[in-house]
2 protein chains.
Amino acid sequence: MKSTGNPTYRALNCYTKLMRAAETVTLRTSRQMAAAGLTISQFGVLEALLHKGPLCQRDIAAKILKSTGNITMVIDNLEKRGLVRRERDSEDRRYLTVHLTDAGSQLIETVFADVEAAIMAEMGTLSATEQEQLGTLCKKLGLNKEGRS
Amino acid sequence: MKSTGNPTYRALNCYTKLMRAAETVTLRTSRQMAAAGLTISQFGVLEALLHKGPLCQRDIAAKILKSTGNITMVIDNLEKRGLVRRERDSEDRRYLTVHLTDAGSQLIETVFADVEAAIMAEMGTLSATEQEQLGTLCKKLGLNKEGRS
DNA sequence: AAGATATAGTTTAGCGTTAAATCATTTGAT
DNA sequence: ATCAAATGATTTAACGCTAAACTATATCTT
């Protein structure tokens, strides 16, 4: 199985390394979130609100690729901590627009900066050229067939 | 932010593509497991047992990088389906050795082959050289600093 | 205007996940 | 031999996650 010319070995090996790298980088960057008491999902929600402004839950779900049932709970927890507030849309009462509170804004701004720095540090292991190569290869991999379906 | 010479942009962009690629590939390969009614964790446990033989729960947890509390539950579910059985070690009664049943062996063998084929198909988007490049870059990324700690 | 259909959000059931507390058993120290 | 410490497994509490059923509101058809 270790013969480097073996296509099966090569593919599985590449797959394993890709997964490990993603896991490791996630683990390291998520420490910045954990340090602020935020889960990855909570960070995702706050970050979406920071960069896109107030959003309804459906849009948040789409942005972080999670189900709407889940978003209800994540936002419940953020609301309990006073980081976001829900506002019922007066035009169409089905919509709840989620807003960052001042505390939420303040928190996500600093945590986002920390996470960004952690990502930079992680990627800094690779040279500029290597980062571009990696990006290109990953993109090619993701584009395979029908997108994310 | 889109200036390609910007190191922050380059790092974040590369990070995003890496994460997306890993997610997409996981999503696609996990369909093979889902088709057999197995979750990713259940697949991990069965695969460990297939390739390493009977293991105690602690070793299984270490193999799939999950907590032992979690393994208890995953194995409960596999046991309910008759895919594995627990056997109390007669030497040291703290240990439960987990064995594949015949049904479990049969299932994991076919599902493993399917998953392997799916991984091959995914990685097949890249040429042999590209796979090796990707593997090298991912490995370099993961090796950064203190391993997985 | 009435009823069907669609949409936003919530709830529920089930699995996964961790960390921490607990139980059972074994090992080590004295 | 006894008691303390270590170790494997289980349980519990809390959060995350999905799919599916459900509620409330809005829109579309006629």
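From a predicted model like this one, the values you see are computed outputs, not experimental measurements. All chains are named by letter (A, B, ...) in the order of the sequence lines, taking the proteins before the strands, and each is independently numbered beginning at 1.
Within the structure, a side-chain polar atom (N or O) of B/Asn77 is placed less than 4.0 Å from OP1 or OP2 of C/dG16. Side-chain nitrogen and oxygen atoms of A/Ser41 include none within less than 4.0 Å of the OP1 or OP2 phosphate oxygen of D/dC15. For the pair B/Gln42 and C/dG16, the criterion of a side-chain N or O lying under 4.0 Å from OP1 or OP2 is met. Between B/Thr68 and D/dG8 there is no side-chain N or O to OP1 or OP2 distance below 4.0 Å.
Residues B/Arg28 and A/Leu141 approach most closely at NH1-O, 3.9 Å, considering heavy atoms. Here the shortest heavy-atom pairing between B/Cys14 and A/Met123 reads SG-CE, 3.1 Å. Closest heavy-atom contact between A/Pro54 and A/His99: CG-ND1, 3.3 Å. Nearest heavy atoms, B/Ala118 versus B/Gln32: CB-CG, 3.7 Å.
Considering only side-chain atoms of A/Arg86, the nucleotide from C/dT10, C/dG16, D/dT11 that sits closest is C/dT10. Here the side chain of B/Leu96 is nearest to one of D/dA9, C/dC15, C/dT11, namely D/dA9. Comparing C/dT10, C/dT25, C/dT18 by their closest approach to the side chain of B/Ser67 singles out C/dT18. Side-chain proximity of B/Cys56 to D/dA9, D/dT18, C/dG9: nearest is D/dA9. Distances from the side chain of A/Arg94 to the nucleotides D/dT7, C/dG16, C/dT7 place C/dT7 closest. Checking D/dG8, C/dG9, C/dT10 against every side-chain atom of A/Arg58, the shortest atom distance belongs to C/dG9. Of all nucleotides listed (C/dT26, D/dT10, D/dT7), D/dT10 comes nearest to the side chain of B/Gln57.
The residue A/Thr39 sits close only to the backbone: its heavy atoms come under 4.0 Å of sugar-phosphate atoms, none of a base.
Toward the 5′ end of DNA chain D lies the nearest nucleotide of A/Met73, the other residue of the pair A/Met73 and A/Arg88 mapping further downstream.
We find that NZ of A/Lys66 is positioned 17 Å from P of D/dC15, with the value rounded to whole Å. Across the protein-nucleic acid pair, A/Asp76 atom CG and C/dG9 atom C1' stand 11 Å apart, rounded to whole Å. Put simply, CZ on B/Arg81 is 16 Å from P on C/dG14, counting in whole angstrom units. Spacing between atom CD of A/Glu91 and atom P of D/dA26 amounts to 10 Å, rounded to whole angstrom units. Rounded to an integer number of Å, the gap from CD of B/Glu79 to P of D/dT10 is 9 Å. Here the P atom of nucleotide C/dT17 and the CG atom of A/Leu27 are 15 Å apart, to the nearest Å. Rounded to a whole Å, the CG atom of B/Leu83 is 14 Å from the P atom of C/dC15. With rounding to whole Å, A/Asn70 atom CG is found 16 Å from C/dT12 atom P.
Interatomic distance, OG1 of A/Thr16 versus CD1 of B/Ile119, reported as 7.0 Å (0.5 Å rounding).
Between the base of D/dT25 and the side chain of A/Arg93 there is no donor-acceptor pair shorter than 3.5 Å.
Classified by interplanar angle (parallel below 30°, tilted 30° to 60°, perpendicular above 60°), the ring pair A/His51/A/Phe112 is perpendicular.
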